[in-house]
Amino acid sequence: MSITLYHNPRCSKSRETLQLLRDRGLEPEIVDYLKTPLTFTTLNQILHQLGLEPRQLMRTKEKEYRELGLDNPALTRQDLIRAMIAHPILIERPILLKDGRAALGRPPETVLTIL
């Protein structure tokens with residue numbers, strides 16, 4: 001069983017999600033997405049798996065969101081995904097992938113729905 005966790009070790013929810021998995025004997029492949037940015041294709045696929053639009057996966061309180069004017073309704077899906085790739089701090093976390101399914105660990109227990 002292949003499990004991938006898009007993780008930010010500085011985020012408490014991300015750490016809680018990782019611990020939740022480990023408490024169940026699961027050791028996911030950990031991707032520190034701040035150090036290893038996602039590709040356009042990967043992020044687009046994750047959004048589809050989550051059933052979310054880019055803004056729904058964005059951390060709108062980050063200064064980059066305001067500075068880049070990402071609240072502009074004229075921005076396309078592609079524009080927003082490119083911004084998230086260029087500034088991965090904007091991506092909400094953690095995200096767990098398993099068998100073509102995805103879950104956002106907010107709250108952490110949400111990831112259990114795809115296990």
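Start at 1 with the first residue, then count along the sequence.
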Look at the side chain of [X] and the backbone N and O of [Y], then say whether any donor-acceptor pair between them is shorter than 3.5 Å.
X    : Y   : result
Q56  : E53 : yes
R106 : R93 : yes
R66  : T60 : no
T36  : Y33 : no

Exercise. Hey, any chance L34 and I81 share a hydrophobic cluster, counting ILVMFWY side chains that come within less than 4.5 Å of each other, even indirectly?
Worked result: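 Yes, same cluster.
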Exercise. With the 4.5 Å side-chain cut-off for hydrophobic clustering, are L96 and L104 part of the same group?
Worked result: no
State, to 0.1 Å, how close [X] and [Y] come at their nearest heavy-atom pair, and which atoms those are.
X    : Y    : value
L21  : P28  : CD1-CG, 3.9 Å
A102 : L97  : CB-CD2, 3.4 Å
V111 : G105 : CG1-CA, 3.7 Å

Side chains of [X] and [Y]: donor-acceptor distance under 3.5 Å anywhere?
X   : Y   : answer
T17 : S14 : no
T76 : D79 : yes
R77 : N44 : yes

Atom pair [atom1] ([X]) and [atom2] ([Y]), whose distance is rounded to the nearest 0.5 Å:
X   : Y   : atom1 : atom2 : result
I91 : L38 : CD1   : CG    : 5.0 Å
T4  : I30 : OG1   : CD1   : 10.0 Å
L68 : M58 : CG    : CE    : 8.0 Å
N8  : K35 : CG    : NZ    : 9.5 Å

For this session: Verify side chain to side chain contact (heavy atoms under 4.5 Å, CB included) between L115 and K98, making sure each step is shown before the conclusion.
Result: CA-CA 7 Å; L115 297 179; K98 180 187 174 287; 3.8 Å; yes
Exercise. Do F40 and T42 have side chains that get closer than 4.5 Å, going by heavy atoms?
Worked result: no
